[in-house]
Number of protein chains: 2
Amino acid sequence: MASDHTRTSILAAAERLYADRGFGDVTLRDIVAAANVNLAAVNYHFGSKDELIAELFVTRSIATNRERLHELKMAEEQGGGRAPIEVILHALVGPTLRGCLGPENQRSTAARFMIRASIESVPPIRRIKNREIDHLRKFVGAMRRSLPDRSDVEIYWGLNFALAMAHHTIRESERLTKLSEGKCDLDDVEDVVARVVSVATMALTMGKTETKARALARDVR
Amino acid sequence: MASDHTRTSILAAAERLYADRGFGDVTLRDIVAAANVNLAAVNYHFGSKDELIAELFVTRSIATNRERLHELKMAEEQGGGRAPIEVILHALVGPTLRGCLGPENQRSTAARFMIRASIESVPPIRRIKNREIDHLRKFVGAMRRSLPDRSDVEIYWGLNFALAMAHHTIRESERLTKLSEGKCDLDDVEDVVARVVSVATMALTMGKTETKARALARDVR
DNA sequence: TTGCAATTCAAACAGTTGTATGAAACTATC
DNA sequence: GATAGTTTCATACAACTGTTTGAATTGCAA
């Protein structure tokens, strides 16, 4: 296998081009030109264009998932097998948000690639995302342990909404900036994380049918 | 202009095909075959493939937006120019959710097309979405009137999260169903709407830095 | 009917795409 | 230094894409 040089250049060039210009208008020829390798190299090393994209995406996904699970594990160990819901949610959405938000010019290629993947959602990537469920189940488990009196349905909805807020904010960050005329500071990543976690926590700790008044009655008790 | 017959068939066939198979693998030739018209008809009547897609999308967008604004206007008139935040949020996310969720087999072609548009997000559609900001500003205005003591930043974040939950739930409805093993009933549309509205309302009425306790202290007063 | 515009049609165009091929160059082993 | 295996390379392929063309057809008004 000599010196992965060609393989590596292709991966780097592809990730950068996809991040910059999207999957739609980057061809294999663009990639091999940027990587200074031969056109046939892509098919030789990766089999096909789709497999190249898939490899890029799984690499980054695995990294993010590992980060998530590490945060989760730490939190549960520290809490004796039961972590506060805020901390679990933080482990769930923190890594992604931290990777994809922040000042544009210092956003990594990897992050920009993942944003693209989230926006354009090309077939090989969608296939992989469908297998992400097992990973989410680990969070469901932790959330159940953290909130033993909440029903499963509420847990699932809370998880869904947490991911919704995180992903949508990444994906539509430009629009939110424009709409708010800069008043929403998406470069302050920790603030964004805190907001998402805070709202998701509320969603999970107050039942959906409870009015504010009823919630008060219970909590004041 | 004779009898729009050709134009209409193309629109109908295109919407159905895109809804069923996505933008990625539907070609003009597929469309004209399904519509029983000549290949050149698309360019004759619409100018280009992208303009056809754009026309499909704006038509449906306008319909949804009109529905939203109608609900909003009703609510504000009834409340003397100031509607409860729950009702405003209901007007914001209700039409879309109602259009795109519900039993699969009775989901309209239009709805399925809009789900595709939300998942695949092809260039001509993205261009149009960027002009949707003016429409959202009307909701910002209503929300400001409804919650005069909330800062603009909080309003924008609340709006962002409400849209996030609605759109993500539509887009990932299959995954949520699978993850929850059917426990989350996405066919019960009004329940979904209520959940989204409820959480968004909480996000908007409780400040992000407020702990639950502090919120209680204020509300109990 | 005649004339004129709008529409339809078959066919071809021009370009791009991902992939395959088979020879050439390289690398490491014996 | 010959050999076997890996990697690179130029090139061609085959298919598909959206779009254009110019002639044929249609529909309507004068």
Side-chain angles (χ1 to χ4, degrees), chain A residues 1-58 113 116-117 120-128, chain B residues 1-58 113 116-117 120-128:
Chain A
M1 88 163 47
S3 76
D4 282 347
H5 174 265
T6 302
R7 237 188 97 91
T8 312
S9 324
I10 292 175
L11 285 170
E15 183 166 51
R16 186 170 56 76
L17 285 177
Y18 284 141
D20 286 345
R21 296 164 28 194
F23 297 99
D25 38 87
V26 173
T27 70
L28 284 190
R29 284 168 177 80
D30 294 330
I31 294 172
V32 300
N36 267 311
V37 302
N38 187 273
L39 174 59
V42 172
N43 287 276
Y44 177 77
H45 285 280
F46 299 93
S48 71
K49 184 195 188 185
D50 278 10
E51 289 175 84
L52 166 61
I53 294 179
E55 172 147 346
L56 283 170
F57 186 71
V58 299
F113 172 82
R116 280 287 178 193
E120 296 194 11
S121 180
V122 85
I125 290 183
R126 250 172 295 157
R127 276 192 286 271
I128 294 164
Chain B
M1 91 165 41
S3 75
D4 283 346
H5 173 265
T6 303
R7 238 188 94 90
T8 311
S9 325
I10 292 175
L11 285 170
E15 184 166 50
R16 186 170 55 76
L17 286 177
Y18 284 140
D20 286 344
R21 297 166 26 196
F23 297 99
D25 39 85
V26 173
T27 71
L28 285 190
R29 283 168 177 82
D30 294 331
I31 294 171
V32 300
N36 268 313
V37 302
N38 186 271
L39 175 59
V42 172
N43 287 277
Y44 177 79
H45 285 280
F46 299 93
S48 71
K49 184 195 187 184
D50 278 10
E51 289 175 85
L52 166 62
I53 294 178
E55 172 147 347
L56 282 170
F57 186 71
V58 302
F113 172 82
R116 280 288 179 191
E120 297 194 11
S121 179
V122 87
I125 289 182
R126 251 173 292 157
R127 275 192 285 273
I128 294 163

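Lettering of chains follows the sequences in order, A, B, ..., and the numbering in each one begins at 1. Just the heavy atoms: all of them, side chains too, but no hydrogens, waters or symmetry mates, feed the values below.
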Salt bridge (charged side-chain N to carboxylate O under 4.0 Å, His left out) partners of Glu120(A), counting only residues at least two apart: Arg116(A), Arg126(B)

Check whether any side-chain heavy atom of Leu56(A) sits under 4.5 Å from a side-chain heavy atom of Leu11(A), and report yes or no. yes

[X] [atom1] - [N] [atom2] separation (whole Å):
| X | N | atom1 | atom2 | value |
| --- | --- | --- | --- | --- |
| Ile31(B) | dC16(D) | CD1 | P | 17 Å |
| Arg7(B) | dA6(C) | CZ | P | 15 Å |
| Leu52(B) | dT17(D) | CG | P | 15 Å |

Return no unless some side-chain N or O of Thr6(B) is found under 4.0 Å from OP1 or OP2 of dT8(C). yes

Are His45(B) and dT8(C) close enough that a side-chain N or O sits under 4.0 Å from OP1 or OP2?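 The answer is yes; a side-chain N or O of His45(B) sits under 4.0 Å from OP1 or OP2.
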
Which residues pass the side chain to side chain donor-acceptor pair (under 3.5 Å) test with Asp30(A), sequence neighbours left out?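 Asp30(A) satisfies side chain to side chain donor-acceptor pair (under 3.5 Å) with Arg21(A), Thr27(A) once adjacent residues are dropped.
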
Spacing of CD belonging to Glu15(B) relative to CG belonging to Asp20(B), to within rounding of 0.5 Å: 10.5 Å

Can you tell me how far OH of Tyr18(A) sits from CG of Leu52(A), rounded to the nearest 0.5 angstrom?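 With rounding to 0.5 Å, CG (Leu52(A)) is 5.5 Å from OH (Tyr18(A)).
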
How are the rings of Phe113(B) and Phe23(B) set to each other: parallel, tilted or perpendicular (split at 30° and 60°)? perpendicular

Check the interface with nucleotides 16-20 of chain C: list each N/O to N/O pair with the protein under 3.5 Å, or write none.
residue: dG18(C); atom: OP1; partner: Lys49(A); partner atom: NZ; Å: 2.6
residue: dG18(C); atom: OP2; partner: Leu28(A); partner atom: N; Å: 3.1
residue: dG18(C); atom: N7; partner: Arg29(A); partner atom: NH1; Å: 2.9
residue: dG18(C); atom: O6; partner: Arg29(A); partner atom: NH2; Å: 2.9
residue: dT19(C); atom: OP2; partner: Asn43(A); partner atom: OD1; Å: 3.3
residue: dT19(C); atom: OP2; partner: Lys49(A); partner atom: N; Å: 2.9

